[in-house]
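Labels below follow one simple rule: chain letters A, B, ... track the order of the sequence lines, proteins then strands, and each chain is numbered from 1.
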Amino acid sequence: MSDEQTSGEGGGTVDVLIPLGLDQAYSYAVPPGLSLKVGDVVQVPLGPRETVGVVWEIGSGRGGNLKRVSGLYDMPPLDPALMKLVDWVAWYTLAAKGSVLALALRRPPDDTPERPKLGVRLAGAPPARMTPARARAITAAEGGLLIAKSALAEAASVSAAVIDSLVDAGTFSIEPMPREQIATAPDPDYAKPELSEGQAEVAAALAASVKAAAYNVTLLEGVTGSGKTEVYFEAVAEAIRLGRQSLILMPEIALTAQFIDRFEARFGVKPGLWHSAVTGRKRERLQAAIAGGEAKVVAGARSALFLPYKDLGLIVVDEEHEAAYKQEDGVSYHARDMAVVRGKIESAPVILASATPSLETRVNAERGRYTHLKLPERFGGRELPGLGLVDLRRDKPERGRWISGALVKAIETNLEAKEQSLLFLNRRGYAPLTLCRDCGHRFQCPNCTAWLVDHRFRRALVCHHCGHVERRPHECPACHTPESLTACGPGVERLAEEVATLFPQARSIVLSSDFPGGTERLKQELMAVAQGEFDIVVGTQLVAKGHNFPGMTLVGVIDADLGLTSGDPRAAERTFQVLRQVTGRAGRGEKPGRALLQTHDPSHPVLTALISGDPERFYAAETAAREAAGLPPFGRLAALIVSGNTQAEAESHARALARSADAPAGVMVLGPAEAPLAVLRGRHRMRLIVKTAREVNLQDYLRSWLKRGPKPKGSVRVQVDVDPQSFL
DNA sequence: AGCACGCCGACT
DNA sequence: GTCGGCGTGCTC
């Protein structure tokens, strides 16, 4: 009888969860001779075909005519902790259990033998006939090291054929490459950093929590340059010393060469890297190394959360406030919150690192759910930039100009001192609105409610919301007056025009995601800026993070009010974060920096808090403003995304929820502005803010609502946006 | 995820 | 008249 609970013998039944959009595990009969336990990966018939699945439960199978389990895969069973995570994430996100399992389940191993990569080595005499290409290849191969053929071809900028010919000539020998080391042990004492007293203290506290091997969450807050990474690396080092695994989660874009270099400099080897571009065999081998416990440190994007760690001793979520942690298609989850849940399940400490923590994380810290550690100083004793406001109501640029007198002066001073300036305007294109001088016609997107943005360089009007593009006509489409169209408001392109007029002698550049020539060129230009090749940089959000510009001593924010009035309940928070980041670009090198923010509302709490340098003030002001506006307080918010085939349909579903008799209090319907991707795919979404009383179990409520609700034509998906741990 | 069923537009 | 578009539903 007790055997029934631990294993499904021949004649019994098992419930198998299949990694598809199914919410229930299906029951199958266990064939004679097979013994199955929970977590086993099996093959089962599903409809006309065979599928992989995981034994989720034993013996609760309904009677009747069940299909049989076809077989057991020769692979390690799913870890109970991972199963628990799948159950929890499915419950929390209201996603089908099977879809969540799909995130966690490894593909059954590919049993075709791995073909070793071939490498070449300089081994013989030069060929009888020497050509420039051959000479380059030979030079590149000097030193007698074994080099992958493709890498050598790339390095010598020759084709693979040249290398092949040199192999035939006997100049190169061809040998199988040794398997790339995927899990070389990092050395916790490879290069210990020099930490300030304050940093060492925080590092010691983090290391202690790793040693304690218990769940707890620490918010590690420190401005850019305060040494956050160095400090959490000490926690990672401690985990390595204990022989346990660490996961460093980061936004996909942050998995850069810079981070890897820093890791390698600290630990002597690269971390295991997990992101969407790691595919095929490499992915399989890394998974195996993680499951086997050989991979000690994994740095990965959000999907790394569902990897089968053997002995997870630490989770770090770098840049915890980043929106990239939100998965919006398929299973909709916030990786930071799920990381906390995984930490809880695995009894591992979790570190949330950020220079600009999100409000919900602050709330959790304030309530004592998270420990709050701060790194106040910048590393090397560098000072934070001085911040100042320019009141545009007094210092008003002339019509069609956007740079105030005070800012012009500051730029001039900087130019004379041969120091760099950054003008920040978070608006791509030339002008955000185009209208007809004659009849007042405004160019609006045919799909959305957004204005079309004038992109002069591309000679087009573009909707930044859904991607719609049209030609900029020469006459007004409404009144047909020729050449009557006029640009309203500034974008970075227009600002660059003004810079060229005001400072014709300065070397300037515009950097935005529209940069002609793509990401590669953009990277080169960022490098050029860092090397001081430009005097004035005009840029969007893109310049706010990542690259360090040591020569940048002035940051001018053209419109600090931008984004404060957008109706999005998180607008103020995002503005605060981006302004803090971009003003932090000033004075990262030898010389101190300063930042000037142009505003029409100098007493705005976001700006006064920013100027004060104390983020807590922003948080306090934001909380008060919310209360005054009748918005639900932080920590009691969740967002529900309702989608339908049309916006009207989605809206009506959303209203139906808001109206239903037992709905949680304070449901608000917001516009679809936060879901540009969904709009791109032709699906309109609504975002609801749901306020709950503490007693309401939001997930269970929504789940039941979805079951009995007005069966929508489209799909209803739920993303819980804030308040991750209230039901933990 | 696949695969079947089912109801409206341009074609041998 | 049908071929086929993909929306919807089902799989123990």
**Study point:** Selection residues 75-87 of chain A - residue pairs positive for salt bridge (charged side-chain N to carboxylate O under 4.0 Å, His left out), sequence neighbours left out
**Key:** Asp87(A)-Lys97(A)
Point to revise | Pair His455(A) + His464(A): ring centers closer than 6.0 Å | key: yes
Review point. Starting at CZ of Arg68(A) and ending at C1' of dT11(C), how long is that distance when rounded to a whole Å?
Key: 20 Å
Check your understanding: Can you list every salt bridge (charged side-chain N to carboxylate O under 4.0 Å, His left out) pair that touches residues 471-480 of chain A, not counting sequence neighbours?
Key -> Asp454(A)-Arg472(A)
When the side chains of residues 99-106 of chain A are checked against the rest of the protein, which donor-acceptor pairs come out under 3.5 Å, sequence neighbours left out?
unit_1   : atom_1 : unit_2   : atom_2 : d
Ser99(A) : OG     : Ala96(A) : O      : 3.4

Study note, to complete from the structure: Whole-Å distance, Ile58(A) CD1 to dC12(C) P, equals 19 Å
**Study point:** Distance in angstrom units between Glu57(A) CD and dC12(C) P, rounded
**Key:** 19 Å
Check your understanding: How many Å lie between CG on Asp15(A) and P on dT11(C), as a whole number?
Key -> 16 Å
Check your understanding: Can you pull the ring-ring contact (aromatic ring centres under 6.0 Å, His included) pairs that have at least one residue in residues 17-58 of chain A, sequence neighbours excluded?
Key -> none
Between the protein and nucleotides 1-3 of chain B, are there any N/O to N/O pairs under 3.5 Å, and if so, what are the atom names and distances?
unit_1 : atom_1 : unit_2   : atom_2 : d
dA1(B) : N3     : Arg49(A) : NH2    : 3.0

Exercise for review: Write down the distance between NZ (Lys67(A)) and C1' (dC10(C)), rounded to a whole number of angstrom.
Suggested key: 11 Å
**Study point:** Rounded distance in Å - CD (Glu50(A)) to C1' (dC12(C))
**Key:** 13 Å
Review point. For Lys97(A) and dC12(C), what is the distance between atoms NZ and P respectively, to the nearest whole Å?
Key: 19 Å
Check your understanding: Quick one: salt bridge (charged side-chain N to carboxylate O under 4.0 Å, His left out) pairs with a partner in residues 25-36 of chain A, sequence neighbours left out?
Key -> none
